[in-house]
Amino acid sequence: MQIKVINQSTNPTPSYETVASAGMDIRAFLEDTVVIKPFERQLIPTGLFMEIPVGYEVQIRPRSGLALKHGITVLNSPGTIDADYRGEVKVLLINLSDKHFEINNGDRIAQMIVAKHEQAGWLEVEVLSTTERGAGGYGHTGLQ
Ligand SMILES: O=c1ccn([C@H]2C[C@H](O)[C@@H](COP(=O)(O)OP(=O)(O)OP(=O)(O)O)O2)c(=O)[nH]1
Ligand SMILES: [Mg+2]
């Protein structure tokens with residue numbers, strides 16, 4: 001995959017932290033400190049531009065440590081980076097705690113997963129096949 005990284009000195013190319021990690025952490029790319037107030041959201045730049053092969057996507061997911069310790073999560077999780085997107089990857093964070101949260105340049109704010117996906121085509125029909133579930137959902141099999 002191809003990637004353009006704006007500031008390698010503070011924000012090195014994302015990499016896997018352990019041998020079998022699924023996600024690569026991604027860092028904030030900021031000139032000034034950003035403060036997210038309680039229950040506010042902010043779109044955080046990363047300084048990363050990607051060329052993802054067709055048939056793959058990048059998912060932007062929260063870091064569990066930030067969620068547990070600070071109530072910081074990705075509002076649109078998992079964010080979708082399309083293979084034909086050439087703009088800067090940004091991370092939409094929300095602060096679900098009752099305290100201000102500060103982000104500085106280079107902070108690891110989220111993680112990205114590279115995943116294969118299908119592109120489906122539709123065959124339009126009037127009637128679908130029957131199943132045991134039918135239209136049941138939303139806990140119709142019981143909650144415990
Ligand atoms: O967390 C995210 C989500 C999206 N994007 C970029 C890459 C993605 O390919 C593009 C569009 O994202 P999405 O399809 O989720 O947004 P939309 O509201 O449907 O916008 P569009 O109409 O541009 O598709 O925005 C990000 O940088 N970060
Ligand atoms: Mg879209």
Side-chain angles (χ1 to χ4, degrees), residues 1-7 10-30 33-144:
M1 265 173 56
Q2 302 196 61
I3 190 165
K4 181 173 150 191
V5 182
I6 295 297
N7 189 354
T10 58
N11 293 19
T13 303
S15 61
Y16 297 105
E17 300 282 329
T18 66
V19 281
S21 287
M24 297 186 234
D25 287 341
I26 42 186
R27 297 172 186 272
F29 175 59
L30 299 169
T33 298
V34 164
V35 173
I36 313 183
K37 293 181 192 157
F39 303 107
E40 272 193 358
R41 57 184 183 269
Q42 294 244 12
L43 192 59
I44 310 294
T46 66
L48 302 176
F49 298 73
M50 296 170 193
E51 191 164 333
I52 304 165
V54 173
Y56 291 79
E57 57 156 338
V58 165
Q59 299 175 3
I60 307 293
R61 299 195 201 159
R63 294 186 70 204
S64 59
L66 286 180
L68 176 65
K69 292 176 194 150
H70 301 288
I72 296 293
T73 191
V74 176
L75 178 57
N76 57 326
S77 181
T80 305
I81 311 300
D82 299 287
D84 54 0
Y85 181 69
R86 296 291 179 270
E88 183 177 9
V89 171
K90 296 188 179 176
V91 177
L92 183 52
L93 292 180
I94 185 164
N95 180 357
L96 298 179
S97 79
D98 56 6
K99 296 189 176 62
H100 286 50
F101 184 74
E102 194 180 286
I103 303 172
N104 293 295
N105 185 49
D107 286 355
R108 288 181 289 158
I109 52 170
Q111 61 185 317
M112 56 176 243
I113 276 80
V114 181
K116 279 188 185 171
H117 72 85
E118 303 290 338
Q119 256 194 351
W122 294 109
L123 176 64
E124 292 182 21
V125 297
E126 290 299 322
V127 181
L128 302 174
S129 68
T130 56
T131 66
E132 193 179 329
R133 173 181 287 278
Y138 315 102
H140 93 296
T141 59
L143 290 177
Q144 286 168 345

Walk me through it: do Leu93 and Ile103 pass the test side chain to side chain contact (heavy atoms under 4.5 Å, CB included)?
CA-CA 11 Å; Leu93 292 180; Ile103 303 172; 3.6 Å; yes
In sequence, state the C-alpha distance, the side-chain angles, and the governing distance for Val58 and Val89, and then conclude on side chain to side chain contact (heavy atoms under 4.5 Å, CB included).
CA-CA 10 Å; Val58 165; Val89 171; over 6 Å; no
Between Leu92 and Lys90, does the side chain to side chain contact (heavy atoms under 4.5 Å, CB included) criterion hold? Intermediate values first, please.
CA-CA 7 Å; Leu92 183 52; Lys90 296 188 179 176; over 6 Å; no
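For the side-chain contact (heavy atoms from CB on, under 4.5 Å) criterion with Glu57, the lone passing option out of Asp82, Ile81, Thr80 is Thr80.
Using a 4.5 Å heavy-atom threshold, the side chains of Thr46 and Val91 count as touching. With a 4.5 Å cut-off on side-chain heavy atoms, Phe39 and Ile94 do not count as touching. Proximity of Pro38 to His100: side-chain heavy atoms (C-beta onward) are separated by under 4.5 Å at one or more points. By the 4.5 Å heavy-atom criterion applied to side chains, Pro78 and Ile113 are not counted as neighbours. By the 4.5 Å heavy-atom criterion applied to side chains, Glu88 and Ile6 are not counted as neighbours. Residues Pro12 and Arg27 meet the side-chain proximity criterion, which asks for heavy atoms closer than 4.5 Å. Pro45 is listed as a side-chain neighbour of Leu30, based on a closest heavy-atom distance under 4.5 Å.
Between the side chain of Gln111 and the backbone N or O of Pro62, at least one donor-acceptor pair lies under 3.5 Å. A donor-acceptor contact shorter than 3.5 Å links the side chain of Arg86 to the backbone of Ala83. In this structure a side-chain-to-backbone donor-acceptor pair under 3.5 Å is missing from Glu40 to Asn95. Listed for the Asp25 side chain is no donor-acceptor partner under 3.5 Å among the backbone atoms of Pro14. In this structure, the side chain of Arg41 does not engage the main chain of Leu75 through any donor-acceptor pair within 3.5 Å.
The CD1 atom of Ile26 sits 6.0 Å away from atom CD1 of Ile109, with the distance rounded to the nearest 0.5 Å.
Across all their heavy atoms, Tyr56 and Val114 have their closest contact at CD2-CG1, 4.0 Å. Closest heavy-atom contact between Ala110 and Val74: CB-CG2, 4.3 Å.
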